Amino acid sequence: MQELINGIVQGSVFALVATGLLLIFSIVRVPHFAHGESVMIGGMVTTTLVTQAHLPLVLALVLGAVSGLVLGLLMCAGLYWPLRHYPEVSVLAASLAVVLLIETVATLIWGADPRVTPTDLSGALPLASAQVQWDRVILVAAALVFVTATWAYVHHTPRGRAMRAMALNRTAALLMGIPVRRYWLIAFAIGSGLAGAAGALYSLSFGVSATMGSQITLNAFIVIVFAGVGSIFGAFGGGLLLGIVQSFGGSYISAGYQEMFGFVVMVVILIVKPQGLFGAAKTA
Amino acid sequence: MLPRLRSALPWVLFAAVIVLVGATGGPFLMTVGMVTALSIILSSGMNVAMGYGGLLNLGIGAFYGLGAYGTAILSLHFQASFWVILVAVVVVAAVTAVVLGLPILRTRGLYFAIATLAIGVIGTDVANNWVEVTQGPIGLAGIERPDLLGWDLSDLQPMYFFAAVVAFLAVGVVAFFARSRYGQVLVAVREDEQLAQSFGYRTLAFKVGGFALSSVIAAVAGIVYAYAIQYVSPTPFSFLTGSFQAFVVVAVGGGGTVWGPVVAAVLLVGVPDLLDFSPTTNQFIYAVALLVVVVALRGGVVPALRRLARRAAPPRPPVAAGTGQGRSREVPGQRVPAGGPPTA
């Protein structure tokens, strides 16, 4: 039971990050390997604001999420948009270079040790035979709310419809007069905002460190491969699944191989069903 | 006669630098040369998959590690000779690459990159956690350098020459592969897989072959690593220091060119090592070099130099420089394989 809950908590972070990445990946179609850096910045800014500037927790959380969002917008406007006609491998290379730059600078600023945001929250929610600390309850609840809000935005607003159109057929969307650059920015804003929020919330319960970003990005891509570039809730489910797989694998097989289980499951899924678990081929 | 000479020139130059460093260089210079040679071998392996095949193999570090750990274990526990180790490592690497390649190569582009990234992470996990065999993070020390048919490698100078000769051979293998029928078909698959299929090529077989050759070269780099450093631990084969470094070297030098990785390995591994930068500075150099090359030079140093040379000497027939991925934009309709014409 405790494994299941740990898995869900960890998984909802993956889910939040992966939903953001899915939005960016399906609409903008760039390999945004610096997505995890938004998570890292979100977490780091939150801890720094609470421990050093003594801001109230809620404000720090919001500012943390915003800083992740800003990083995403900067990447979009400064890197991906200018490079939009370059081959995918070049964009991937540039993105990896930025990951390296950000992680190097972040290590210089914050050092390599993980940090946790101190909170006044204490106690836990008793759930069946297990205990769930309140900060983790908040994490899971916030993930659900954010992902549902994103889903509602994408599926029930005119802008969301335009975004889905871009994901389906970019050329046709362009011909229909959809302002591509504006929607790239919107996609990056929402996606990176979700990542920043995930990082901010994550820092309440787990340590965030300067070099965590690339691992998070990897996990988010695994979730996308799991779920297929399909629906937003598919990514959410994929994130939970990855968290649960890692949690159970970590406790029952070996903690050292924790990262490996997700990959193994991913490769199996790729072999069995190349479009991913929930892969309704090419819709968003 | 002139074109012949031109094509021989880089080889002569490469050999001359190797001999010069070995004959006149002190221990420091030879050590730097050895490390550069390792990078040349590894990136040449990367080049086969990434440059010629368009297959972004981000897990090549795992094969590099396979070679190094294989050498360490076989020589420490079984006192195996170099030749036994060479055959064993090459066979194991090739079989592993084919077995993994068959399912993974069904995916494309980014998905392939992520799947290979997974191989790399699994490799690092195994090296860190399978303590009974790999000693985990502590690593395996005390690997003895071999004696090759009476050529004793225990001193630095012969070891340097050995690494350099293997690097020379690795570049030779890439050059041979690029000109071979097999390599040309792989380039065709990279450019347009469906078109290649419609000509009746079984494209999956070519991709698996390219992936396997790339992995075998990386594993050979691992053998040289184990003998050169005489100590094997998980870190050098992890994503950032293994696969990513090879990726950067190929991307900066120019994928799909024989000499791109060699030039970039000297620039990005040899020169910073010579100047003895801190690891942080090194990371900066990698990141900035990569950004500059991707944004400004499009496709790497060597293709850019070639474009420059072409502009300087207009009477020569035009030559399309491959970008290592996708179609070359500058010269539509002239998709010469990226290995370049024989004069390259």
Side-chain angles (χ1 to χ4, degrees), chain A residues 25 29-33 78-79 82-83 85-105 107-108 211 214-215 217-225 228-229 253-272 274-276, chain B residues 50-51 54 56 58 100 102-104 106-115 117-126 128-131 136 239-240 244 247-248 250-252 255 279-295 298-300 323-329:
Chain A
F25 188 62
R29 293 233 157 257
V30 290
H32 183 35
F33 260 84
L79 191 73
L83 297 188
H85 296 308
Y86 281 55
E88 195 174 49
V89 172
S90 306
V91 181
L92 178 65
S95 165
L96 284 171
V98 171
V99 170
L100 200 55
L101 271 182
I102 294 178
E103 291 199 350
T104 314
V105 174
T107 312
L108 287 177
T211 51
S214 36
Q215 188 68 52
T217 311
L218 254 180
N219 282 330
F221 270 115
I222 292 179
V223 169
I224 292 189
V225 176
V229 188
I253 307 177
S254 158
Y257 292 107
Q258 197 165 353
E259 300 297 345
M260 208 169 105
F261 303 124
F263 284 124
V264 172
V265 176
M266 177 188 80
V267 172
V268 171
I269 290 179
L270 271 181
I271 295 168
V272 178
Q275 306 90 23
Chain B
M50 173 179 158
L56 198 53
L58 294 179
L100 289 174
L102 280 172
I104 283 183
R106 287 169 44 178
T107 60
R108 306 159 169 261
L110 199 61
Y111 287 91
F112 176 77
I114 293 168
L117 206 53
I119 296 179
V121 171
I122 291 174
T124 308
D125 264 8
V126 170
N128 268 317
N129 290 296
W130 197 12
V131 180
F239 174 68
L240 267 187
F244 182 62
F247 169 73
V248 174
V250 174
V252 167
T280 319
T281 321
N282 257 338
Q283 288 198 0
F284 264 119
I285 296 177
Y286 281 149
V288 173
L290 188 57
L291 264 183
V292 168
V293 168
V294 166
V295 174
R298 270 203 183 198
T323 52
Q325 64 275 308
R327 290 138 187 138
S328 95
R329 274 172 192 284

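Bear in mind that the values here come from a model prediction, so they are computed numbers and not experimental data.
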List the atom of A:Ala93, the atom of B:Val294, and the distance in Å for their closest heavy-atom pair. CB-CG2, 3.8 Å
Turns out that what part of B:Val126 lies under 4.5 Å from chain A's heavy atoms comes down to both
What distance do B:Leu117 atom CG and A:Leu218 atom CG have between them, rounded to the nearest 0.5 Å? 4.5 Å
Measure the CG-CZ distance between A:Leu96 and B:Phe247 for me, rounded to the nearest 0.5 Å. 5.5 Å
Check whether A:Phe261 gets within reach of chain B through its side chain, its backbone, both or neither, counting any heavy atom under 4.5 Å. neither
From A:Ser95 atom OG to B:Leu291 atom CG, the distance as rounded to the nearest 0.5 Å: 9.5 Å
Identify which part of B:Val295 has an atom lying under 4.5 Å from any heavy atom of chain A, answering side chain, backbone, both or neither. both
Set out, in order, the CA-CA distance, both residues' side-chain angles and the distance that settles side-chain contact (heavy atoms from CB on, under 4.5 Å) for A:Leu100 and B:Leu290, then state yes or no. CA-CA 10 Å; A:Leu100 200 55; B:Leu290 188 57; over 6 Å; no
